[in-house]
Every structure is written in structure tokens, then in C-alpha cells.
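Shown next, in C-alpha cells, is the structure this report addresses.
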Amino acid sequence: MPVSIVVGGQFGSEGKGKVALEIVRRSRGPVTVIRVGGPNSGHTAYDHSGKKWALRQMPAACVDRNVDVVFPAGSYLDTEILLREIAELDYPLDRIYISKYANLITPEQIAWEEASGLIGSIGSTGSGVGAALLASTARGAKNFPLEAFHAGNDARLENFRRDTTALLHRKLLGKERVVIEGTQGFGLSLLDGGHWPKATARCTTAAAALAEAGLSPLLVDDVTMVLRAFPIRVAGDSGPLLGETSWARIAQRSGLERDIREYTTVTRKERRVGEFDATSVRRAIRANTPNRIVLNHLDYVGVAASVSDPNSAVSQFIRIVSSQIKQRVDWYGFSELGILEANRVPV
């Protein structure tokens with residue numbers, strides 16, 4: 001069955017949305033995009049007109065406005081953010097489907113996270129996802145201060161509510177491609193990322209994204225893992241980052257004169273950055289078994305025009321990464337050209 005899953009292999013911001021959009025554009029026939037997770041991470045992509053979108057609820061793979069969008073039971077919704085992004089995108093309302101079991105994030109949950117100290121102690125964005133998850137798993141426990149709410153409780157979402165599992169089943173029977181746009185990265189995964197408590201509130205593997213989407217593993221024929229040339233972590237005491245360096249050093253090494261510092265979509269704080277860590281990526285590969293590896297942010301190594309030169313810094317970097325992670329790098333990401341195929345570089 002035609003289900004694609006896109007996951008991150010490091011600490012997030014690998015460019016998963018951009019890659020999910022690429023898969024949509026390369027697909028034949030109708031496509032449905034599933035957005036799991038919540039607004040604690042932003043996904044960025046450029047639409048066909050070249051306009052940049054940084055989205056926290058709507059999937060980046062929808063920016064061309066030509067796909068059905070599904071929020072399954074395993075998604076976490078801040079209704080205000082969701083409705084604002086739908087309006088800004090001018091998205092066709094009849095192409096958005098939300099499970100009545102999707103989790104809602106409330107102001108009380110956001111306030112609880114802000115008061116918890118997690119923003120400072122682990123670098124949490126304080127978006128309320130973790131609190132919403134806790135409220136759901138508490139199941140109405142009398143000694144837990146937060147109450148869980150679902151999309152079925154919000155009248156503003158009434159026109160979007162559907163049985164998303166039945167909807168996806170019909171689409172898959174019709175051989176339509178379904179793309180699950182995962183969030184964050186393996187190093188942030190709650191269960192197996194290896195950095196608890198400096199982790200997100202959810203498991204971020206392909207298997208977990210599939211479970212949140214409400215689909216069977218037997219339906220998957222494509223798992224893509226997205227990597228960065230230089231992994232990042234959010235600002236503050238967010239956890240270890242092997243080979244931590246600075247944006248200035250990376251720019252100097254690559255001969256870049258522009259300011260390449262990155263800032264998080266949600267908090268707008270400067271990201272920490274490190275050298276490529278093959279050991280952690282190999283762990284991510286073992287946990288996800290991807291059939292496709294994408295290496296993004298190669299602009300920080302060299303220019304896309306040099307990708308066909310086997311002696312260029314970009315080509316050498318790709319070969320080193322491929323050797324270290326013991327898997328071929330299939331797609332290469334450059335901001336000015338998007339995604340390039342592996343056969344453009346002799347490896």
C-alpha cells in the first residue's frame with residue numbers, strides 16, 4: 001500500500017517538511033498528507049510561487065494547496081494556530097479532515113508548561129503538547145490538575161471532523177499516496193532517543209508516527225529519513241550536542257560571508273549547532289530502517305553547482321557521511337535548488 005513516512009534522524013529541523021513536499025510533488029495522482037505531533041515544532045517550505053511558509057500545525061507538504069490534509073487521533077491541535085494558518089494559506093476548507101479524537105491544547109495546559117520550569121530545564125517550547133499528552137494519559141485522574149479535551153469538544157472544528165481512519169482506508173484502497181509528515185528528530189524521541197529527560201513528550205520514530213496516524217505497518221512502502229549536514233539543538237539547556245561548534249566557525253570553514261545563524265520557528269531563539277555525528281545517526285537508522293536518506297543544508301558545505309565535481313567539498317562530505325552511516329545518501333538538499341538526486345554525484 002502507498003504510505004510514505006518522513007522522519008528526522010537528529011534533533012529536528014532537518015528539513016522534513018521540505019522533503020515531504022518533494023515526495024508530494026513527485027507522486028502521481030491524488031495525495032493525502034497527514035500531520036502528526038503538534039505546534040511545538042515548525043516546518044518550512046516554499047510553494048510553487050516561491051513564497052516561504054513556516055507552519056506549526058498545517059503540514060509543510062500542503063503549501064501548494066493541492067492535497068487533502070488529515071489530522072488523526074495522534075495529533076495535538078492548538079485551534080487558534082490551526083485556524084490562523086488555514087486562513088493565511090487560504091486553504092480549501094473541504095480538503096481538511098480532523099479526527100474527533102485529536103487532542104486539543106488548552107490555555108490551561110500551556111500555562112501549566114510555562115509554570116513547570118521545563119522551558120528552562122530542557123529547552124521546551126512551552127507549546128502545551130506535553131501537558132496535553134499528560135492530561136490525556138491521566139484519563140480524568142482526580143489528583144491531576146489538567147483536563148483533556150479533543151477535537152470533538154470544539155465547535156470551531158465541527159465542519160472538519162471526520163472518521164479519519166475510515167477516510168484513509170478508502171484512499172489507500174484506491175491506491176492514493178498517503179504521506180505522513182513526522183515531527184522533530186530521533187535524538188528527541190521520548191522512548192529511544194537516548195537523551196531523556198532532554199527529550200520531547202512523544203516518540204518520534206516512523207513506527208510511532210504510523211501509530212499516531214492510525215494506520216497499519218503493512219501499508220508502508222516508503223520510509224525517508226532526513227538529516228542535516230550540521231545538526232542543531234534548540235537554545236538553552238536542551239541536552240548534549242556532540243561536537244558542538246558555532247555558526248561563525250562553519251561559515252568561516254566554508255568561505256561563507258553571510259550570516260548563517262538559524263533561529264527556531266516557535267521561540268525565535270538562536271539554535272545551537274554541532275558537527276555531523278554518525279554514531280547517533282546510525283542509531284536512528286536502526287530504529288527506523290529507512291529506504292531513503294536525505295542530506296539537507298549542504299549549503300553550509302559548498303554550492304550546489306559543485307555537486308557534479310567528485311573532488312568538491314560537497315562531494316567529499318557526502319561520501320564521508322555515506323561511509324560513516326553505512327548507507328547511501330539518496331537525495332541532497334540545497335536551499336537554492338531544492339532536492340537533487342544522488343546520481344548527480346559520483347560516489
Side-chain angles (χ1 to χ4, degrees), residues 3-6 16-17 20-21 24 30-43 45 53 55-110 127-133 135-137 147-174 176-184 201-202 208-216 219:
V3 173
S4 297
I5 307 177
V6 180
K16 295 175 294 296
L21 177 61
V24 167
V31 179
T32 295
V33 178
I34 300 174
R35 176 66 151 84
V36 295
N40 52 335
S41 60
H43 286 190
W53 294 93
L55 303 170
R56 295 174 59 187
Q57 287 281 193
M58 291 290 281
C62 82
V63 296
D64 290 336
R65 304 170 185 83
N66 61 350
V67 298
D68 287 348
V69 175
V70 170
F71 293 95
S75 56
Y76 296 81
L77 305 177
D78 184 318
T79 304
E80 298 290 342
I81 296 174
L82 174 62
L83 294 178
R84 182 175 68 245
E85 291 183 353
I86 291 172
E88 291 173 350
L89 285 162
D90 192 22
Y91 211 85
L93 301 184
D94 61 349
R95 302 200 72 171
I96 300 172
Y97 306 95
I98 301 175
S99 168
K100 68 178 181 180
Y101 304 116
N103 302 274
L104 291 187
I105 297 171
T106 67
E108 293 77 16
Q109 292 165 354
I110 294 173
S127 300
V129 174
L133 191 149
S136 180
T137 54
E147 186 176 354
F149 293 90
H150 299 90
N153 303 122
D154 194 329
R156 293 172 294 177
L157 303 178
E158 181 178 2
N159 292 334
F160 301 119
R161 289 198 289 263
R162 295 291 189 281
D163 182 338
T164 55
T165 300
L167 172 73
L168 292 168
H169 183 68
R170 289 195 299 271
K171 289 178 175 294
L172 289 166
L173 285 178
E176 294 186 23
R177 172 64 54 183
V178 172
V179 179
I180 303 175
E181 185 173 313
T183 63
Q184 300 165 300
R202 303 163 37 253
L210 189 66
E212 290 179 332
L215 295 175
S216 164
L219 301 173

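Numbers for residues simply follow the sequence, beginning at 1.
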Using every non-hydrogen atom in the two residues, find where [X] and [Y] come nearest and quote the distance to one decimal.
X      : Y      : value
Arg202 : Tyr76  : CD-CE1, 4.0 Å
Asn40  : Ser127 : CA-OG, 3.5 Å
Ile5   : Ala209 : CG2-CB, 4.3 Å
Val69  : Cys62  : CG2-CB, 3.8 Å
Gly17  : Ala60  : CA-CB, 3.6 Å
Gln109 : Ala135 : NE2-CB, 3.8 Å

Under 4.5 Å between any side-chain heavy atoms of [X] and [Y], yes or no?
X      : Y      : value
Tyr91  : Val67  : yes
Leu89  : Leu55  : yes
Val36  : Glu181 : no
Ile105 : Ile81  : no
Thr183 : Arg35  : yes
Asp163 : Thr165 : yes
Phe160 : Leu93  : yes
Glu88  : Trp53  : yes

Reported [atom1]-to-[atom2] distance for the pair [X] and [Y], which is rounded to 0.5 angstrom:
X     : Y      : atom1 : atom2 : answer
Ile96 : Asn159 : CD1   : CG    : 11.0 Å
Tyr97 : Lys171 : OH    : NZ    : 5.5 Å
Ser99 : Arg162 : OG    : CZ    : 12.0 Å
Asp68 : Thr164 : CG    : OG1   : 12.5 Å

Determine whether a donor-acceptor pair (N or O, by modelled atom type, separation under 3.5 Å) exists between the side chain of [X] and the backbone of [Y].
X      : Y      : result
Lys16  : Gln184 : yes
Arg65  : Val63  : yes
Asn153 : His150 : yes
Glu176 : Leu168 : no

Side chain to side chain contact (heavy atoms under 4.5 Å, CB included) evaluation trace for Arg84 with Met58 = CA-CA 10 Å; Arg84 182 175 68 245; Met58 291 290 281; over 6 Å; no
task = Kindly determine whether Val24 and Val33 satisfy side chain to side chain contact (heavy atoms under 4.5 Å, CB included), including the steps that lead there.
result = CA-CA 8 Å; Val24 167; Val33 178; 3.8 Å; yes
query = Is the number of heavy atoms from other residues, nucleotides or ligands within 6.0 Å of NE2 (His169) greater than 12?
reply =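 Open.
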ask   = Should we count OH of Tyr101 as having more than 12 external heavy atoms under 6.0 Å?
value =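 Open: at most 12 neighbouring heavy atoms sit under 6.0 Å from OH of Tyr101.
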ask   = How far apart are the C-alpha atoms of Phe149 and Asp154, what are their side-chain angles, what is the distance that settles it, and do they pass the side chain to side chain contact (heavy atoms under 4.5 Å, CB included) test?
value = CA-CA 8 Å; Phe149 293 90; Asp154 194 329; over 6 Å; no
Test side chain to side chain contact (heavy atoms under 4.5 Å, CB included) applied to Ile180 and Val70, Thr32, Ile34, the passing residue =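 Between Ile180 and the candidates, side chain to side chain contact (heavy atoms under 4.5 Å, CB included) is satisfied uniquely by Ile34.
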key: side chain to side chain contact (heavy atoms under 4.5 Å, CB included) between Asp78 and Arg56, worked out   = CA-CA 9 Å; Asp78 184 318; Arg56 295 174 59 187; 5.9 Å; no
message = Can you confirm whether the side chains of Arg177 and Ser4 place a donor and an acceptor under 3.5 Å from each other?
response =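 A donor-acceptor contact under 3.5 Å links the two side chains.
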